[in-house]
Structure formats: C-alpha cells, structure tokens
There are 2 protein chains.
Amino acid sequence: MATIKDIAKRAGVSVTTVSRALNGYSDVNEQTRKKIMAVAKELNYSPNTLARGLVMNKSNTLGLLVSGMSKESVKDNFTYLVLAGINQYAGETDYDIVLFSTNSTKQREKTYSQLCRERRVDGAIIQGIRTDDPYLHEVIESDIPCVLIDISVESDTVGYVTTDNIMGAKKAVQHLVELGHRDIAMINGHDFAFVSQKRLEGYKLGLKIAGIPFRSDWVVKGFFEEAEAEKAAWNLLENHPEITAIFCASDLMAFGAMSAAKKRGLRVPEDLSIVGYDDILLASYSNPPLTTIAQDVSRLGYHASKLLVEMLEGRAESHNVILDTALVNRSSTAKRRPLK
Amino acid sequence: MATIKDIAKRAGVSVTTVSRALNGYSDVNEQTRKKIMAVAKELNYSPNTLARGLVMNKSNTLGLLVSGMSKESVKDNFTYLVLAGINQYAGETDYDIVLFSTNSTKQREKTYSQLCRERRVDGAIIQGIRTDDPYLHEVIESDIPCVLIDISVESDTVGYVTTDNIMGAKKAVQHLVELGHRDIAMINGHDFAFVSQKRLEGYKLGLKIAGIPFRSDWVVKGFFEEAEAEKAAWNLLENHPEITAIFCASDLMAFGAMSAAKKRGLRVPEDLSIVGYDDILLASYSNPPLTTIAQDVSRLGYHASKLLVEMLEGRAESHNVILDTALVNRSSTAKRRPLK
DNA sequence: TTGAAAGCGCTAACAC
DNA sequence: GTGTTAGCGCTTTCAA
C-alpha cells in the first residue's frame, strides 16, 4: 500500500511537502500540489489513519457502548433506532463508529473505559446500561468525553440526551384522568433505570395535579419485560379490582398488561384502560391498538452523536438535550365506566 | 496516558521487556513479569492499539458496510439482525466492529474500499448493497478480505453467506401446490438483488416439479416495498383473475399483496393464498397471520463475521456458508377453492 | 515554498 | 533473559 514516502519519491519532493499538499495547506506551490495529487491518485494512495491517529492523538472514531443488542430486542427496536440515528449523524461528519460488544460474557474482563482507551476513541456514546453497572461510573469518571442516552449525568466531559420522561408520564396520567379515571396504577421498569425514576415522578405529578392520592402499592415493577409485566398486572388486578386504568412504562409491558387483563376476563378498553410508553412499531398492531407516549428514538441517537461531536470540538453550548414526547391516542383507553 | 516507556522506566527494565511481558511471551523472568504487571496496573496502562496496528499492520477491526440502516427498516429488522449476529460473534473474539455510514449522500465521495483502506480494517462485511453498485465491485476486486451477505461472489479474498433461496422459494411453491393451487403468481424484489434472482429460480423450479408451465407475465416486481407490491398485486389480480395464490419474495411485499387483495374484495386465504419470505416479527401479527419462509437473519450475520475471521486467520475451509430456511405455516394460505 | 529531523507508542530482529 | 536499535506512516517544529 502506497505511503506518502512513495509519493514523495515519485514526485521528487519531501514527505513534508506531500503531507502538506494532501492536507490542503496553503503554503504549497500550486504546481507541486498538482503534481503530488496526480501521483497520489496514480498510486491509489489512502492515508493510514492509524499512523495519523498515533501522531495526532485523535482517531476520529466514536465508541459505541450498547448493551442488549441481541435478537430479543427486535420487538422494541430501541437499540437499532438509536444506532440508526447515530449512524445518520456520523455520516454527516468525518467520524466513524466503533461498536464495542459489551453484551458478551468475556467482555467482563475489560471495562468500558478500557475498551475506549485501547482504541483511542475520541469519545463514547453509552446506551442501555443499567445505572448500577459499576463500569458505567468508571467511564463517567474517566476523562473520556462521553454522552449518555437516558441517564442524566452531566460534567465537564459528560453529557446526556434523553426525552422528557416526567412530562411524558404526566401526559399519560393526564389523558387517563381526562377520561374520568381516578384509580390508576402503574407498571414501571426497574430501579436501575433513570427513565423509570423519572416516569414514576411524572406519574406522581399527574396524580397530584388531579388531586388523586398516590399509593405506593399500586406501582409495581415489570422490568421492561412483557412476561414480567403480565404477572405484575395480574397481581395488581387481583388485589385491587377497583383499578380502572394502568400506565405502563413501556409498550412491551403494556402488552403484558393487556394479556393479563384478557386472561382475567376484562375488556380493554371498556373495563380497563391501558397506556404504554415508547410507541414501538407493534403498538399500532396490537389488539386493541395501543394508546401510548411516543418518543423519537432515532433522534435520541442522532442528538447523542451530535452533542458528542460538539463537545469534542469545543462548541457545545450545553451538555444535555431533552427531547419531547407526544401522546398517541389509539384504542386501548376509553372513558371510565359509570360507577354502579 | 501511560505508555510502555513509562512502565519500563518505573520498573527499571527496557521497553522490549515490557512489551514481551505484556504480550505473554515466555522468555521473560517470572520476577520481572510480576513487577511489570504490577507497574502496568499501577499506572492504569492501556495499550495503544493505533501504535500496535501501525507496526503489526493489523488493526483487529472488521469494517461493516451496510446500506439502509435507517429508521424505515424497522419493519423488517433485517439490518439490525445482521448486526446483532455480527456483534455476537465479534464479542467472542478480539475484533471490534467499525461501522461505515454508507447511506449518506456525502459518502459518495469515498468508495467502500477507500473507507476500508483508510481505517486499515482487516476485513469487511458487506450487506444490503445492490449488485449494480459500482463500488461493490471495486471492493470485491481489491485485495481486502471480505464477506458478502446474500451476494454469491467468491474468490481468494471474497466469501459469502446466504440462505438457500432457491430451496426456500421452492418450498413456498410446493406448499401452495400441495394445497391444490396451480395458478401461482410471484411478486419479486428487483433485478439487482441476488436473492431475487435465486428466488425466481426456486419459483420456476417449484412450478416445473409440479408440471405447471411458467408464465413470465405472472412475475412482477415489488422492489421489496409494501406500497410497490400492493400496486403490483393489484395489477396482477386485475389482469389475471384466475390467479389463486401469490408467492412474495418478502413479507413486507406480502403485506402489500394482502392489502391489494382486500381492496379488491378478495378474502385471504379463502379466495387468495399468500406466502411471504423472511418471517419478520410482523408476520405473526398480520391479519391473517402470514405463512412464510423463515430465515434466521442474525445467524447470517454471525456466520458472516465468523467466516471472515476464519479467512483472516487462514483457517477457512470453504469461502461460503449457505443456511437453511423453513416454511412457517400460518393462516394466509388455504386449500384452493373447488373450481366452479 | 520546501526539506531535515524528531517523535507519536509499539514490535521485532539482533546482539549480548 | 534482557537491552539496543530500527522502523511502521504520519505530522510538525525548525531552519533554510
């Protein structure tokens, strides 16, 4: 593979000149530049980014730490959409994406920051990692610039992008309240997801605004899984038959709740209203189609990489971006039945 | 960031010794190795893969060229599943994945092989690229080891992994024939997809075995898109009302065909049987649930990276792998109505 | 406008 | 077992 040395030799100049010509410096004679360009093309030259990265101490790569990039997550497509957004932005820049496979068992040997440091990525985007992951804090506390998705931590080198989860959850509750519901339960994810904490806050806020007392035993965990949520919903409905609506912190969990309702002989939405969160593709295919809080996940990815690059280039005005959500009103919610 | 030089100084040895100790060479004293390891840990040392790659002429990265990694492809999830499979295998090895964003407009400036050469990837995986893409051939003809997904080209440096598309399509036709159908049309993708060519072959083969003459005007293009397929199916049904079954080269196109049928007042499967291809998530959610030819897309990705790594390490016994497909019998196909 | 030379962090002969 | 040295391909002072 041709190097600048080869070009220099062939063009009869020094490597310095070649380097400068190729990088578009102005202090190169137009004649020599032309010549050098021609030779470079002739030799089918490609710059060696490894060598450049070594000397410049900059690799022009963004590390991507994702967890849960598995076959199973096709249902919610979250990881994929984030990636698509990142990829879209990266395509507009000179950065390439290095994917670190953190979901395998053997990766436990290497910490996230280890991975980033070895590859000398300029920055990292972190997604899908639980807040109790010890390696998460290690990378946050390292000096590697990074942007977190859906984890609101901020510092000199750390930024984040997320959606407004409090308002999102509030919207869901508000929608139910407007339909006349007052006995509204919640199926949340788990304690180690920031979004769960925020959505719980939003749920509480929604209740408060409506003057409905909060009951902690009406909030159960579904761990973002359909089957878990189904169990949780079953118990909820068994123990508290007065419940007429459930707000679920993810669409998948809403599907679980729907199944539980059906198995208990409750009709959705006539007997039980259900609101989901995410607006995944399947939300419009369920029976009944799911009313949910929509978030634009690929924008999340897009803005994550955009923010990171801006941070790297020292032109980030703020270290966080909060995206909006929207209520999508389908058919899993209805007016509360008149009380008997 | 600490370098082996720092370690050498601190440990009172030469950089060579450090290098050897760190890389597990045997010709280093246990005492010194211990010492070096300790110092390395103390200094929180991370090897610089850029420097190593430069001297070893090996980056331990696999380039990934995908097209169509956009928001739109959540419906079929093909790209994502390939990626998940690749990622899974990569997690079992020392290779990391570099994602090249080829779907953006500005990328046209750089060819695929350009991208690979600059990053000095050890090999590349290519997916979702049309066979008439000029850059595809450039990279195939370069000396970069690569594995193609669903494009059967093979050489010293090129391998491929795909499913048995001929047999897959044949199975679909055979299934319809067994249900009594003889007037079977096909909605194919487009001419620049290898899978389309193969599936057409399989369709022909299936007909031949059943002794049914092939009619070229019963094969139309849907370009792998739902809307296009709907139009195509409409015309097909309009011009040839005797058709009782359609084999579609993708599930998405099958959905399009279903819509067309419904709009024309035909019931699926009573009046028209439809078979898809892929077995995407939505296939089981459609109405009626879609009978289709299933392929395990993440295995495609897994085997692509596995094959590539084997080729790189000179232990690939063959340069291709062909995966199996399976008929998934749902409810979009039924026995042909008795003729009036 | 150009070139010589140093050096980025690492590996690998080759000598001792 | 260990150290000396050269060199991977590039950028960047500094001097001419």
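In what follows, every chain begins at residue 1, and chains take the letters A, B, ... in the order their sequences are listed. Just so you know, these numbers use all the heavy atoms, side chains as well, and skip hydrogens, waters and symmetry mates.
Proximity note for A:Ser19 (side chain, C-beta onward) versus D:dT12, C:dG9, C:dG3: the nearest is D:dT12. Closest approach to the A:Val15 side chain among C:dA5, C:dG9, D:dC14 is made by C:dA5 (side chain taken as heavy atoms from C-beta onward). Nearest nucleotide to the side chain of A:Thr3, out of C:dA13, D:dC10, C:dG9: D:dC10. Comparing C:dC10, D:dG3, D:dC8 by their closest approach to the side chain of B:Thr17 singles out D:dG3. Ranking D:dT11, C:dT11, C:dT2 by closeness to the A:Met56 side chain, first place goes to D:dT11. Which of C:dC14, C:dA12, D:dC10 sits closest to the side chain of B:Arg20 comes down to C:dC14.
OP1 or OP2 of D:dG3 has at least one side-chain nitrogen or oxygen of B:Ser14 nearer than 4.0 Å. Taking side-chain N and O atoms only, A:Asn48 has no distance below 4.0 Å to OP1 or OP2 of D:dC8. Regarding contacts with the backbone of D:dT12, a side-chain N or O of A:Tyr25 is found under 4.0 angstrom from either OP1 or OP2. Regarding contacts with the backbone of C:dG9, every side-chain N or O of B:Tyr45 stays at 4.0 angstrom or more from both OP1 and OP2.
Mapped onto DNA chain D by nearest heavy atom, B:Thr32 and A:Pro47 fall at different nucleotides, with B:Thr32 at the one closer to the 5' end.
For C:dG9, the base has no donor-acceptor partner in the side chain of A:Arg120 [N/O atoms by modelled type, under 3.5 angstrom].
One can place CG of A:Asn57 at 13 Å from C1' of C:dG7, the figure rounded to the nearest angstrom. In this structure, B:Ile4 atom CD1 and D:dT5 atom C1' are separated by 13 Å, rounded to whole Å. The interatomic distance linking B:Asn60 (CG) with C:dT11 (P) rounds to 12 Å, in whole Å. The distance from atom CZ of A:Arg119 to atom C1' of C:dG9 is 15 Å, rounded to the nearest whole Å. What separates CG of B:Leu54 from P of D:dC10 is a distance of 9 Å, to the nearest Å. As rounded to whole Å, 12 Å separates atom P of C:dT1 from atom CD of A:Gln31. Atom pair B:Lys9:NZ and C:dG9:P shows a separation of 11 Å (rounding to whole Å applied). In this structure, CG of A:Asn29 is placed 11 Å from P of C:dG3, rounded to the nearest angstrom.
In this structure, A:Asn23 reaches the sugar-phosphate backbone alone: every heavy-atom distance under 4.0 Å involves primed, P, OP1 or OP2 atoms, never a base. Base engagement by B:Thr16 is indicated by at least one non-hydrogen atom pair under 4.0 Å involving a base atom. Nucleic acid contact for B:Asp27: base, since at least one base atom lies under 4.0 Å from a heavy atom of the residue.
Around CG of B:Asn29, the count of heavy atoms belonging to other residues, nucleotides or ligands within 6.0 Å exceeds 12.
Judged by distance alone, the side chain of A:Asp122 and the main-chain N or O of A:Asn60 form a donor-acceptor pair under 3.5 Å.
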Next item on the list: For side chain to side chain donor-acceptor pair (under 3.5 Å), just list the numbers for B:Ser142 and B:Tyr112, CA-CA rounded to whole Å, side-chain angles, deciding distance to a tenth of an Å, and then say yes or no.
Entry: CA-CA 10 Å; B:Ser142 77; B:Tyr112 302 147; over 6 Å; no
Note to self: For a side chain to side chain donor-acceptor pair (under 3.5 Å) check, start with the C-alpha distance between B:Thr17 and B:Ser14, then their side-chain angles and the critical distance, and finish with the verdict.
What the structure shows: CA-CA 5 Å; B:Thr17 308; B:Ser14 75; 3.2 Å; yes
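To the nearest 0.5 angstrom, B:Glu118 atom CD is 8.5 Å from A:Asp96 atom CG.
Residues B:Lys71 and A:Asp296 are paired through a salt bridge, judged by an N-O separation under 4.0 Å between the basic side chain and the carboxylate.
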